[in-house]
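By convention in this document, chain letters (A, B, ...) are assigned in the order of the sequence lines, proteins followed by strands, and residues within each chain are numbered from 1.
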Amino acid sequence: MQPKEPKNFIEKLIEEDLASGRYTRVHTRFPPEPNGYLHIGHAKAIVLNFSIAEKYGGLCNLRMDDTNPLTEKQEYVDAAIRDVRWLGYDWGDRLYYASDYFEKLYEFAKELIKKGLAYVDDLSPEEIRQYRGTLTEPGRESPYRNRSVEENLELFERMKNGEFEEGQKVLRAKIDMASPNLNMRDPVIYRIIKASHYRTGDRWCIYPTYDFAHPLSDAIEGITHSLCTLEFEDHRPLYEWFIERLGPTKPRQIEFARLNITYMVLSKRKLTRLVEEGHVSGWDDPRMPTLAGLRRRGYTPEAIRNFCQMIGVSKAQSLVDIELLEHCLREDLNRRAPRRMAVLRPLRVVIDNLPEGYIEEVELENNPEDPEAGKRKVPFTRELYIDRDDFMEEPPPKFYRLAPGREVRLKGAYIVRCERIEKDPQTGEIKTIHCRYDPDSRSGTSTRKTKATIHWISVSHSIEAEVRLYERLFREPNPEECEDFIECLNPNSLEVLRGCRVEPSLADAGVGDVFQFLRVGYFCVDPDSKRGMPVFNRAVTLKDEWAKIRQKIRL
RNA sequence: UGGGGCGUAGCCAAAGGGUAAGGCAGGAGACUUUGGAUCUCCCAUUUGGAGGUUCGAAUCCUCCCGCCCCAGCCA
């Protein structure tokens, strides 16, 4: 008997619905509004909806919730499709658009009018607000609330025909102006917007609101469980009000807490601002939490899906530690990313007891986690580069790497000892490290141990690369709490390194390929790469014991 | 001071009358030709608080406290 997988509260509710016979099947949907790029918060909803459908043998639709012509664009539709597919999900032929339902929705609205449950209101937006009352006081009924069905029908048709200006008239549901739930105080369900819609063009000048379009779109598609975020909890009575009166099927709305991650901002409004004000290079800037950005950064669909499963689903507001996301990436990349040696900040090393022009091929594993990945040959020569971080003239305690008089192993090759340092007489900068190698210490043939093994690259066999080091975009764990989140941007979120030296094979790496640069981190080939000048984005660093120690001793 | 929700470890999150899972982070150690990976161990005498019911309460009851959402013709 297997210990049963803990089910989240939504799965429990679904199983109750199935057991009670309320539903005999499960059908979910992911309904983004195409007014921005999908981000990792959407990924939570995507994974939830698709995995629940799969778990219960049901289906999940992809639906564009496009009822506002002012903010929506085809570009965002294309991006959403690309991103959901990239995440690994398949909606079959069920890509739908709320805008495809405009005709049906219009008919539903007329039906509501005929039932005496909706009316055309002439109040201005400001007046509607005043009539709505406040949190503690009931609203007042509009003087136009009791128009006849015939008049409402006629006015609504004239609205549709463009006979009125924006803001002049709206269609409202006739519910209860005294309801303690503001959403029930005669919500607007149709408004006049004389803008052309990216899909329906100028065919309509009246558009349904979310509150009206969403439940009915769900009902049209035969959705059983309509999962949405907590802020719609207050809308559920309204959702049900429309479904009960007009719905061809009866979906159930269930709300869960939206995702928040430390050092990130996950609201489309804020992300749009980052893009529009140029704080990032675009929606796919590798620092962005968008799926496009994470993809460019080097995140894999598997890592993101796993993360979404690990964070769970509940109704408690949460702020997930970004380290969990990073953990999921490392876990995935560790077992699949080919290893390569790359020197980010080159420091020249000359092995004095090796002849000029000496070349020896040493063999390195492509991935110690995956024997199938095979091995590769790397040239070992007299002049090498190592990383500046791997040498210290005056090493503090616990620094195990190279220092005057000290030995380290060059990964896959020999043990070298630092004999002397050559400095620039003017600046005092270290120019070259002179070492001697131990000919009997060749990797694989010697058991001699050193405190550390460092990576290296042959000067004459390396190629140049640009490396972009990313850190968290914000310096505050919760940028939402900043007065203005822009003020909390991390000024060091991007550091560009030029003149990095990498293995020659990396010249042919394809855009999107991810490698582990030995001892440094995981790096993804950026589309900005040019022939002979690859550009790498650091997806995430490797865990680093020394970095931790260094931070402590500097405190 | 209207309505709707939510409080279990630093962060997520199970358990829903039978004596607090798991993951991340953190700590200690083993191993290691990546200070990576892997492995082992530690990390809530207690579930926002106070009462009550019960042999037994994170779970049931009462009161209190705190946090989030709602007054768009956004979604």
Side-chain angles (χ1 to χ4, degrees), chain A residues 3 5-8 31-33 35 65-68 70-71 121 123-125 128-130 132-139 166-167 169-172 179-185 187-193 206-207 209-211 213-214 228-237 255 257 262 268-269 310-328 330-331 334-335 339 341 364-365 368-369 398-401 409-413 415 441 443-444 446-455 477 516-521 541-549:
Chain A
E5 277 293 301
K7 292 180 175 66
N8 63 50
E33 186 196 9
N35 66 345
D65 211 351
D66 53 358
T67 56
N68 185 350
L70 267 14
T71 56
D121 196 352
L123 254 29
S124 69
I128 287 182
R129 195 186 328 121
Q130 286 161 211
R132 187 153 31 224
T134 68
L135 294 178
T136 50
E137 303 156 24
E166 289 186 15
K169 283 185 168 47
V170 289
L171 184 68
R172 293 229 253 168
S179 172
N181 181 343
L182 303 204
N183 295 121
M184 300 300 271
R185 321 241 262 227
V188 170
I189 60 177
Y190 260 94
R191 66 304 202 190
I192 298 168
I193 302 178
I206 56 171
Y207 293 89
T209 58
Y210 167 88
D211 282 323
H214 203 88
C228 64
T229 45
L230 251 28
E231 65 269 29
F232 295 105
E233 208 153 18
D234 288 338
H235 295 240
R236 194 186 337 133
E255 312 83 13
T262 55
K268 267 195 212 160
R269 209 212 103 241
M310 282 176 63
I311 56 177
V313 182
S314 77
K315 297 189 71 157
Q317 59 80 256
S318 65
L319 182 59
V320 176
D321 198 326
I322 194 171
E323 298 203 62
L324 179 59
L325 213 212
E326 296 177 341
H327 162 80
C328 290
R330 290 190 185 104
E331 184 181 54
N334 175 51
R335 59 167 195 258
R339 300 318 94 139
M341 293 203 286
L364 285 168
E365 289 174 291
E369 304 297 315
K398 301 217 172 146
F399 180 85
Y400 301 148
R401 282 108 94 147
R409 176 173 289 283
L410 296 177
K411 175 71 182 173
I415 292 174
S441 66
S443 188
S446 160
T447 54
R448 261 190 73 193
K449 296 205 186 311
T450 52
K451 287 287 265 182
T453 297
I454 65 173
H455 56 96
Q516 183 195 104
F517 286 174
L518 229 60
R519 303 203 308 127
V520 179
T541 61
L542 246 35
K543 283 214 230 160
D544 186 350
E545 201 65 33
W546 167 242
K548 232 185 261 179
I549 294 166

Collect all protein-nucleotide pairs involving nucleotides 27-31 of chain B in which both atoms are nitrogen or oxygen and the distance is under 3.5 Å.
unit_1 : atom_1 : unit_2   : atom_2 : d
B/G27  : OP1    : A/Lys552 : NZ     : 3.0

Side-chain N,O ([X]) to OP1/OP2 ([N]) below 4.0 Å:
X	N	answer
A/Ser314	B/A13	yes
A/Lys543	B/G35	no
A/Arg519	B/G35	yes

Dot-bracket for RNA chain B, 5' to 3', counting Watson-Crick or G-U wobble pairs under 3.5 Å, with [ ] for crossing pairs and | for inter-strand pairs?
.((((((..(((.....[...))).(((((.......))))).....(((((..]....))))))))))).....
Is any side-chain heavy atom of A/Arg172 less than 4.5 Å from a side-chain heavy atom of A/Leu123?
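Heavy-atom side-chain distance check passes, below 4.5 Å.
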When you compare B/U47 with B/C60, how far apart are their C1' atoms, in angstrom units rounded to a whole number?
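Straight-line distance between the two C1' atoms is 15 Å.
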Euclidean distance for P, B/C41 against B/C11 (whole angstrom):
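It comes out at 26 Å once rounded to the nearest Å.
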Just call it for [X]: base, sugar-phosphate, or nothing, with non-hydrogen atoms closer than 4.0 Å on any strand.
X	value
A/Val313	sugar-phosphate
A/Arg401	base
A/Ile311	sugar-phosphate
A/Gly412	base
A/Phe399	base
A/Lys398	base

Between [X] ([atom1]) and [N] ([atom2]), how many Å, whole number?
X	N	atom1	atom2	answer
A/His327	B/A37	NE2	P	10 Å
A/Glu137	B/G2	CD	P	12 Å
A/Lys451	B/G36	NZ	P	13 Å
A/Leu324	B/G26	CG	P	13 Å

Suppose we screen for ring-ring contact (aromatic ring centres under 6.0 Å, His included). Which residues come up paired with A/His235, at least two apart in sequence or across chains?
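Listed in chain order: A/Phe232.
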Using O4'-C1'-N9-C4 for purines and O4'-C1'-N1-C2 for pyrimidines, with syn meaning within 90° of 0, is B/G48 syn or anti?
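Anti, which is what one calls it when the glycosidic angle falls more than 90° from 0.
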Can you identify which nucleotide, out of B/C12, B/G2, B/G36, has its nearest atom closest to the A/Ser318 side chain?
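Between B/C12, B/G2, B/G36, the one nearest the side chain of A/Ser318 would be B/C12.
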Which nucleotide, B/A14, B/G2, B/G10, lies nearest any side-chain atom of A/Asn8?
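Looking only at heavy atoms from C-beta outward on A/Asn8, the closest nucleotide is B/A14.
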Please tabulate the protein-to-nucleotide N/O contacts below 3.5 Å involving nucleotides 5-8 of chain B, giving atom names and distances.
unit_1 : atom_1 : unit_2   : atom_2 : d
B/G5   : O2'    : A/Glu233 : OE1    : 3.3

Of all residues at least two apart in sequence or in a different chain, which pass the salt bridge (charged side-chain N to carboxylate O under 4.0 Å, His left out) check with A/Glu255?
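A/Glu255: salt bridge (charged side-chain N to carboxylate O under 4.0 Å, His left out) contacts with A/Arg236, A/Lys315.
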Collect all protein-nucleotide pairs involving nucleotides 70-75 of chain B in which both atoms are nitrogen or oxygen and the distance is under 3.5 Å.
unit_1 : atom_1 : unit_2   : atom_2 : d
B/A71  : O3'    : A/Arg132 : NH2    : 3.4
B/A71  : O2'    : A/Arg132 : NE     : 3.1
B/G72  : OP2    : A/Arg132 : NH2    : 3.2
B/C73  : OP1    : A/Arg132 : NH2    : 3.3
B/C73  : OP2    : A/Arg132 : NH1    : 3.2
B/C73  : N4     : A/Leu123 : O      : 3.3
B/C73  : N4     : A/Pro125 : N      : 3.2
B/C73  : N4     : A/Gly167 : O      : 2.8
B/C74  : OP2    : A/Arg191 : NE     : 3.1
B/C74  : OP2    : A/Arg191 : NH2    : 2.7
B/C74  : O3'    : A/Arg191 : NH2    : 3.2
B/C74  : O2'    : A/Asn68  : ND2    : 3.2
B/A75  : OP1    : A/Thr67  : OG1    : 2.7
B/A75  : OP1    : A/Arg191 : NH1    : 3.4
B/A75  : OP1    : A/Arg191 : NH2    : 3.0
B/A75  : OP2    : A/Tyr210 : N      : 2.9
B/A75  : O3'    : A/Asp65  : OD2    : 3.1
B/A75  : N6     : A/His235 : NE2    : 3.4

Hey, does the side-chain of A/Gln516 have a donor or acceptor N/O within less than 3.5 Å of a partner on the base of B/U34?
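In this structure, the two groups form a donor-acceptor pair.
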Quick one: the side chain of A/Glu369 and the base of B/G36, do they pair up donor-acceptor inside 3.5 Å?
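Such a pair exists between side chain and base.
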